[in-house]
Amino acid sequence: LGMMKMNEFFLPLPSMAWEQLKLYKVFNNADYTGPDLNFKNNVEAKTWNNINFFQLPDEAFTSPATGEVYTYLWNRRTVGFGSNYAIKSVITYENLFTAWLYNSTMSAAAKVLQEEGVRRLHIKIDDPLLIDGTVA
């Protein structure tokens, strides 16, 4: 599909998986990771192996069983904009401006445009964090 050349992959992680990844030298060392992400100032995020990893609150993930979490890896060009309902338009007379105003509102959400660009990942997170073979 040629998607690896686009270099716009994103992978959100729950807190436990994020902490586990930070223990690996190749993930946590600046010598191995890519440039800073635009939103990195507000969120813990890293680019590694051409994938943009970032931490999301644990409530954002679904869990099929205890100690297991589903997350999604996606390419930015395969996810787009989708409307939840039709545009609502209102025409009103505003006395402050002595003019008619036309307002339109629309609700939106992310929508998968190409199924091939999104993959569900199943993460097992019930093991304790290990640092050099010892429990953290």
Side-chain angles (χ1 to χ4, degrees):
L1 298 172
M3 290 185 187
M4 285 306 293
K5 294 179 182 177
M6 294 179 194
N7 195 18
E8 296 178 314
F9 284 91
F10 295 89
L11 178 61
L13 294 170
S15 59
M16 189 66 165
W18 179 258
E19 295 301 324
Q20 183 71 45
L21 274 177
K22 287 190 341 185
L23 294 175
Y24 297 114
K25 179 180 179 181
V26 294
F27 183 80
N28 205 27
N29 190 330
D31 294 337
Y32 299 98
T33 58
D36 288 345
L37 301 175
N38 292 336
F39 59 87
K40 187 174 179 182
N41 293 339
N42 298 328
V43 182
E44 282 198 80
K46 289 189 176 290
T47 300
W48 179 68
N49 204 19
N50 294 328
I51 298 174
N52 300 310
F53 293 83
F54 58 97
Q55 182 180 359
L56 278 182
D58 293 341
E59 302 84 43
F61 299 93
T62 57
S63 178
T66 303
E68 298 177 10
V69 173
Y70 286 140
T71 186
Y72 292 88
L73 169 71
W74 74 87
N75 184 298
R76 184 168 69 173
R77 294 184 188 198
T78 61
V79 176
F81 171 85
S83 176
N84 292 346
Y85 54 81
I87 295 175
K88 294 180 182 178
S89 300
V90 177
I91 300 174
T92 59
Y93 180 77
E94 297 292 336
N95 198 21
L96 294 174
F97 304 111
T98 62
W100 290 92
L101 290 179
Y102 179 80
N103 294 321
S104 294
T105 58
M106 178 173 40
S107 178
K111 179 175 176 132
V112 176
L113 302 176
Q114 294 178 328
E115 297 282 335
E116 301 84 16
V118 179
R119 291 289 179 248
R120 184 172 72 176
L121 304 177
H122 193 154
I123 301 174
K124 181 179 177 184
I125 58 171
D126 60 347
D127 294 332
L129 295 178
L130 297 176
I131 301 173
D132 298 327
T134 60
V135 176

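For the single chain, residues carry numbers from 1 onward in sequence order.
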So how far is it from [X] [atom1] to [Y] [atom2], rounded to the nearest 0.5 Å?
{"X": "L21", "Y": "Q55", "atom1": "CG", "atom2": "CD", "answer": "10.5 Å"}
{"X": "L11", "Y": "R119", "atom1": "CG", "atom2": "CZ", "answer": "13.5 Å"}
{"X": "Q114", "Y": "R77", "atom1": "CD", "atom2": "CZ", "answer": "10.5 Å"}

- Of all heavy-atom pairs linking I123 and P14, the shortest is CD1-CD, 4.4 Å
- Closest approach of V26 to W48 (non-hydrogen atoms, all atoms of both residues): O-NE1, 2.9 Å
- Query: Does S63 have any side chain to side chain donor-acceptor pair (under 3.5 Å) partners at least two apart in sequence or in another chain, and if so, which?
  - Reply: none
- Message: Checking S89 now: which residues fulfil side chain to side chain donor-acceptor pair (under 3.5 Å) with it, not counting sequence neighbours?
- Response: Y102, S104
- Message: Please identify which of these residues, I51, N52, T47, meets the side chain to side chain contact (heavy atoms under 4.5 Å, CB included) condition with F9.
- Response: I51
- Qualifying residue for side chain to side chain contact (heavy atoms under 4.5 Å, CB included) with P12, from W18, F53, F61: F61
- Task: Indicate the ring-plane relationship of F10 and W74, choosing parallel, tilted or perpendicular according to the 30° and 60° boundaries.
- Result: parallel
- Looking at residues at least two apart in the chain, or sitting in another chain, which of them share a ring pair (Phe, Tyr, Trp, His ring centres under 6.0 Å) with Y70? H122
